[in-house]
Q: 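What follows is a structure written as structure tokens; I'll ask about it next.
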Protein chains: 4
Amino acid sequence: MPVISTERMRDRRDSILAAASRVFSQKGFQAASIAEIARAAGVSDGLVYKYFENKRELLISALTAFYERVIDDLEQQVELGETFADRLRLLVQTHLGVFVRDTGLCRLFISEVRVATDYPGSAIQVLNKRYTAVLLRIVHDGIRNGEVRPDTDPRVVRDLLFGAVEHVAWRHVTTRKAIDCDRLGRQIAGMIVGGIAPPRPAARRRAAS
Amino acid sequence: MPVISTERMRDRRDSILAAASRVFSQKGFQAASIAEIARAAGVSDGLVYKYFENKRELLISALTAFYERVIDDLEQQVELGETFADRLRLLVQTHLGVFVRDTGLCRLFISEVRVATDYPGSAIQVLNKRYTAVLLRIVHDGIRNGEVRPDTDPRVVRDLLFGAVEHVAWRHVTTRKAIDCDRLGRQIAGMIVGGIAPPRPAARRRAAS
Amino acid sequence: MPVISTERMRDRRDSILAAASRVFSQKGFQAASIAEIARAAGVSDGLVYKYFENKRELLISALTAFYERVIDDLEQQVELGETFADRLRLLVQTHLGVFVRDTGLCRLFISEVRVATDYPGSAIQVLNKRYTAVLLRIVHDGIRNGEVRPDTDPRVVRDLLFGAVEHVAWRHVTTRKAIDCDRLGRQIAGMIVGGIAPPRPAARRRAAS
Amino acid sequence: MPVISTERMRDRRDSILAAASRVFSQKGFQAASIAEIARAAGVSDGLVYKYFENKRELLISALTAFYERVIDDLEQQVELGETFADRLRLLVQTHLGVFVRDTGLCRLFISEVRVATDYPGSAIQVLNKRYTAVLLRIVHDGIRNGEVRPDTDPRVVRDLLFGAVEHVAWRHVTTRKAIDCDRLGRQIAGMIVGGIAPPRPAARRRAAS
DNA sequence: AATGAATGAGTTTTCATTCAT
DNA sequence: AATGAATGAAAACTCATTCAT
């Protein structure tokens, strides 16, 4: 029987996690110290280790929580699109929006999680799959509805789309220049859609190579 | 007059740089120690600081040297393509090839240099510009020759292309699965070309590959 | 609530301070290493930094503690003198005694603290003021009682007295020759008193000792 | 037979010495590097070691050269005084003047040379003796001429005088406040003279204790 | 459960000094 | 005689992690 309630424990854990998100995103993984996170969470250094194995696991947990919120948001947003093109555009725009709003955590994600060698099979990867699954479903639906050329490889679409979003977002992160999510999202999605749209009767085209 | 020849000095510098490239790409910036790099280069710890201001500058120098080799290679390869589509495909394939061959250095570049706040305006950024200039020129030429739709925004093409390459390559880095640069390059380039090709009246579009 | 008692913490701090006093006064500031001080105090290197910001602050703290003891002693001793001349002599003798007993710390004080540019305004300077205040009060009282010529500048007295004490003591430090605090104190004080005593009409002056 | 003339060697040595004086007095012993001194002197690092055993010896040599100039100056100045009181005053004023003009070197002297354990018997000590000899001679002459009380201990006069000068000068060094050498010199010397003046017939005095 | 005192490993950087040329 | 490349030792300081209380 726990001396403090499960609910209280959940609160403690959450406040540490929230503090970690804040401190990590401001200072980066290496520069953030457990002591500072503990102070920000209003707990002692030692207690952090009751809830998280070590500093790295704390980072991963914080990013996972963030990632879950992002995906929930993404799935909801995409639902709003009616056509294939709409949904693709919404996906890009929402994705970009996350980068703009949570720049610090996104930077952390790219610079720290991606480098980690324990990446394959981790909780993060599961979320990654779920994230990309959203896109893959959109493409599959598009193919079924005749909005997408049937020979389209959805994985290449995924690489183009997520790659471009990150590339743009990263520039935003490093240059600190504002980005126009709306316009850019429209352009990126538009270019991809144009490329995978079924042949229009009034146009002729030869294979590229 | 110098006690040892300029050539000898150049050699020393080069061997330190080569050792740094090796050690940094294996262990990452933070985990690599100057002592290990010096040992790998066969020099004393102190000598490293005769040639490089500090650890970070050593990293930047190593990555710059690498980047220069990559760009030289890229520019040569792209020249071989005759049509717009050819050149775009070669660009993607070469780019992917670099990631596959020098995974460690590419990872280093993305995780360490990009995160740096001093990134804008640095020597690296100059090379970055040169790198992307190759693509922008290809697109501009394509527009002039009528191979590319005139309303195409070359910057969005750049984001799609480089983003996708990095995304694919990164998966290679983390999953350690081999990638087929040839096929993937053809697919990515093909999808972009399809999207930005000008519509030709009264023609039928065929799949690219 | 603290895991170890406040008393225990005070002990830790004190033992570090005592060890620092010993090591610093033997080797000087620069030559003493934190590791050696920690070893002498029976604690780990890191703990030193829990109690003291950095090496310099440790030095200042050690000297401040020493200085406080010295001043307490000085103030008590001076109280024992009944006349102006007595008090002045006691001041010089006590002052010399401190130099003789704690040669190392005095050397440290002069060579390290005085050179420091942060000296003005520091905690040490406050003690310095308190130290000299003892003398200034003696002189002022002497003037009020008619034992000291009224046009005497107490600051010059201070410079003569403390300067001479330090000069004598320094010779003791460097030559390692014993000094006779009693006799020397009498001589120095006597010479100063002779100079600032008001001329008494129709009297004959005798030698002080 | 030297390849370069003795004169040339002397020049080299002097320029190193001059550079060392400048750099040492600006940065202090520890912070000054041989490389910087060599650069300032326009010679290579290695050459410094042809003329001076090591860094410390270079410091001692620089201070010795400085000290010699100071003493020469002092001896000349003191000659200008006609009476005992005049000469004593000139001594103090000149001494203070040196501190004001060459603050850096004086600080260096006090903080570095005095601390040195090799001080007794060193070249510096010889100069020290010569320095104090100037004063002792003045006092002896004063006694012979009846200007100074015969039972005066010249060594105590020395301690009072040099001690006070240094004490005042050191305050100047650390507080960076200007000092009025003229007035202060007059006060210090005056107070000492008053104390050691032969008994004036119209004054009576008792022993202090 | 919670604390926070205590640990101690780990690393960049500097620079006096040497010595091959 | 002169150079300056090369050495390598040395040390302050931080902080993740542990564990007695």
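Computed from heavy atoms alone, side chains included, the values below leave out hydrogens, waters and symmetry copies. Convention: sequence-line order gives letters A, B, ...; per-chain numbering from 1. Here the structure is a predicted model, which is why all the values come from computation and not from measurement.
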Q: Check the distance between dT11(E)'s P and Ile37(B)'s CD1 and give it to me in whole angstrom.
A: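 After rounding, the reported distance stands at 12 Å.
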
Q: Are OP1 or OP2 of dG4(E) and a side-chain N or O of Ser44(A) less than 4.0 angstrom apart?
A: no

Q: So, OP1 or OP2 of dA1(F): does either fall under 4.0 Å of a side-chain N or O from Arg12(D)?
A: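 For dA1(F), neither OP1 nor OP2 has a side-chain N or O of Arg12(D) closer than 4.0 Å.
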
Q: Round to a whole Å and report the spacing from CD of Glu36(A) to C1' of dT14(F).
A: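 Taking CD of Glu36(A) and C1' of dT14(F), I get 14 Å after rounding.
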
Q: When the distance from CD of Glu57(D) to P of dT17(E) is rounded to whole Å, what number comes out?
A: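 For the pair Glu57(D) CD and dT17(E) P, the rounded distance is 11 Å.
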
Q: Identify whether NZ of Lys or CZ of Arg in Arg12(A) sits under 6.0 Å from the centre of the six-membered ring of Tyr51(A) and within 45° of that ring's axis.
A: no

Q: Could you check Gly42(C) against Lys50(A) and say which one's nearest nucleotide on DNA chain E is further toward the 5' end?
A: Lys50(A)

Q: Could you let me know what dT13(E) is paired to, Watson-Crick or G-U wobble, both distances under 3.5 Å, or none if it's on its own?
A: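 Pairing partner, where one exists within any strand: dA10(F).
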
Q: Which heavy atom in Ala19(B) sits nearest to a heavy atom in Ile37(B), and how many Å separate them?
A: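 What the structure gives for the nearest pair is CB-O, 3.6 Å.
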
Q: Taking pairing as Watson-Crick or G-U wobble with both contacts under 3.5 Å, can you name the mate of dA20(E), or confirm there isn't one?
A: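 dA20(E) is paired with dT3(F).
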
Q: Could you tell me the separation between the CG atom of Leu47(D) and the P atom of dT18(E), rounded to a whole number of Å?
A: 14 Å

Q: Rounded off to whole Å, could you give me the CZ-to-P distance for the Arg13(A) and dA2(E) pair?
A: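 Result: 14 Å.
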
Q: Roughly how far, to the nearest 0.5 Å, is CD of Gln26(B) from OG of Ser21(B)?
A: 11.0 Å

Q: Should Leu127(C) and Val70(C) count as side-chain neighbours, where that means a heavy-atom distance under 4.5 Å?
A: no

Q: Taking side chain as C-beta onward, heavy atoms only, is Phe24(D) less than 4.5 Å from Leu63(D)?
A: no

Q: To the nearest Å, how far apart are Tyr51(C) OH and dA6(E) C1'?
A: 9 Å

Q: Separation of Lys27(A) atom NZ from dT14(F) atom C1', in whole Å?
A: 13 Å

Q: Between the protein and nucleotides 9-13 of chain F, which nitrogen or oxygen pairs are less than 3.5 angstrom apart?
A:
from: dA12(F); atom 1: OP1; to: Ala32(C); atom 2: O; distance (Å): 3.4
from: dA12(F); atom 1: OP1; to: Lys55(C); atom 2: NZ; distance (Å): 3.0
from: dA12(F); atom 1: OP2; to: Ile34(C); atom 2: N; distance (Å): 3.1
from: dC13(F); atom 1: OP2; to: Tyr49(C); atom 2: OH; distance (Å): 3.0
from: dC13(F); atom 1: OP2; to: Lys55(C); atom 2: N; distance (Å): 3.1

Q: Between Phe109(D) and Tyr67(D), is the gap from one ring center to the other below 6.0 Å?
A: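 Yes, ring centres under 6.0 Å apart.
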
Q: Would you mind reading off the distance between Leu58(D) atom CG and dT17(E) atom P, rounded to a whole angstrom?
A: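 The answer, rounded to whole Å, is 10 Å.
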
Q: Got a salt bridge between Glu36(B) and Lys27(B), using NZ or NE/NH1/NH2 to carboxylate O under 4.0 Å?
A: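 Salt bridge present between Glu36(B) and Lys27(B).
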
